[in-house]
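Predicted, not measured: the structure shown is a model, and the values here were computed from it.
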Amino acid sequence: MKKINQQEPKVILYYKFIPVCDPNITMRWQKELCDRLGLKGRIIISPHGINGTLGGGIENLREYKREMNRSILFKGIMYKWSDGSGEDFPKLSVKVRDELVAFRASDELVVSERGVENGGIHLKPEQVHRLIQERGDEVIFFDGRNAYEAQVGRFKDAIIPEVKTTPDFLKELEDPKYDTIKNRPIITYCTGGIRCEILSVLMKNRGFKEVYQIDGGIVKYGEKYGDDGFWEGNLYIFDGRMNHKFSSKAKDIGECVHCGQNTSRFINCADKSCNQLKLVCQSCNAKTFCENHQPVLA
Ligand SMILES: [Zn+2]
Ligand SMILES: [Zn+2]
């Protein structure tokens, strides 16, 4: 096997919902496997499955995939590949958590060998287009991410729920403002698809009748249609890479908090204890505070 630094750097993103009887054993196995292959990034294991984002050399990531496919639990996962820089993740973190995504709704989620039970219907990107062809304006896109991510990119005319953090969805979905759309076809979307697996269950449990989710999320949709479909803007990505444009045609739809100019450039609140993100364009490039923090006046 070639040394890590002689390989092309790549990033993989994946998840699988499957009952995991002993998450701690899985955690130790994953740690060993990633250490052996020099992979960095983040893996979460819960009684409901696994969710990972890993960066490393392409050959080592392929070996990781082969090892996963040898395991009864984690075979057959769809991996989303993207280009890495080799420095996307500073370290490896493998953790056991109650939930793969912290909706604080683990009691509502039923996971079997088939995956999540009673979730939204999975649509491939081309099926998204077919549904819109058939049902037209009736169809609504519903953003399953935190609201700030939608500032720089979203599906056309999507509903952007008012959520700052993931557990906010529970309360948000019970808001009567959604009563009028509960009978309409709703396509939920998120970065890689994992959040919608859960969100679609929560929505159905709260009276939304016809819920769909995009298989592989925005990432897979963007690979297929780029900026020539219903997606608009940039895809915000959590790890150091921040923004992704599917093509050179990608628009900047966010607005700089200082001058209002279109931008997709997030910077952290200048208060060191805070991780809120604010849109600040390249030309303003100023120290910026969020609503909760103010500059200390000398
Ligand atoms: Zn500006
Ligand atoms: Zn702040």
Answer yes when [X] and [Y] have at least one side-chain N-carboxylate O distance shorter than 4.0 Å, and no when they do not.
X	Y	answer
Arg154	Asp143	no
Arg195	Glu197	no
Glu67	Arg70	yes
Glu174	Arg206	yes
Glu223	Lys220	yes
Glu172	Lys177	yes

Is the ring centre of [X] less than 6.0 Å from the ring centre of [Y]?
X	Y	answer
Phe230	Phe155	no
Tyr212	Phe142	no
Tyr221	Tyr189	no

Short side-chain to backbone donor-acceptor contact, [X] and [Y], under 3.5 Å:
X	Y	answer
Asn146	Tyr148	no
Gln213	Gly120	yes
Glu99	Arg104	yes

So, for [X] and [Y], which heavy atoms are closest and what is the spacing to 0.1 Å?
X	Y	answer
Asn268	Cys274	OD1-O, 4.1 Å
Lys40	Leu92	CD-N, 3.8 Å
His258	Ala286	NE2-CB, 4.1 Å
Ala250	Phe246	CB-N, 4.4 Å

Counting only heavy atoms not in Glu87 (residues, nucleotides, ligands), do more than 12 fall under 6.0 Å from its CD? no
Heavy-atom neighbours of Asp137 CG exceed 12 at 6.0 Å: no
Under 3.5 Å, is there a donor on one side chain and an acceptor on the other for [X] and [Y]?
X	Y	result
Gln7	Asn60	yes
Asp252	Thr263	no
Tyr64	Glu59	no
Asn69	Lys75	no
Ser112	Glu117	yes
His48	Ser106	no

Which word best sums up how the rings of Phe169 and Phe103 line up, parallel for under 30°, tilted for 30 to 60°, or perpendicular for over 60°? tilted
ring-ring contact (aromatic ring centres under 6.0 Å, His included) evaluation trace for His129 with Tyr225: CA-CA 10 Å; His129 284 218; Tyr225 291 108; 3.8 Å; yes
Does Val110 form a side-chain contact (heavy atoms from CB on, under 4.5 Å) with Asn118? I'd like the steps, not just the answer. CA-CA 8 Å; Val110 180; Asn118 193 36; over 6 Å; no
Apply the side chain to side chain contact (heavy atoms under 4.5 Å, CB included) test between Ile43 and each candidate in Leu54, Asn51, Thr26, Thr53; give the one that qualifies. Leu54
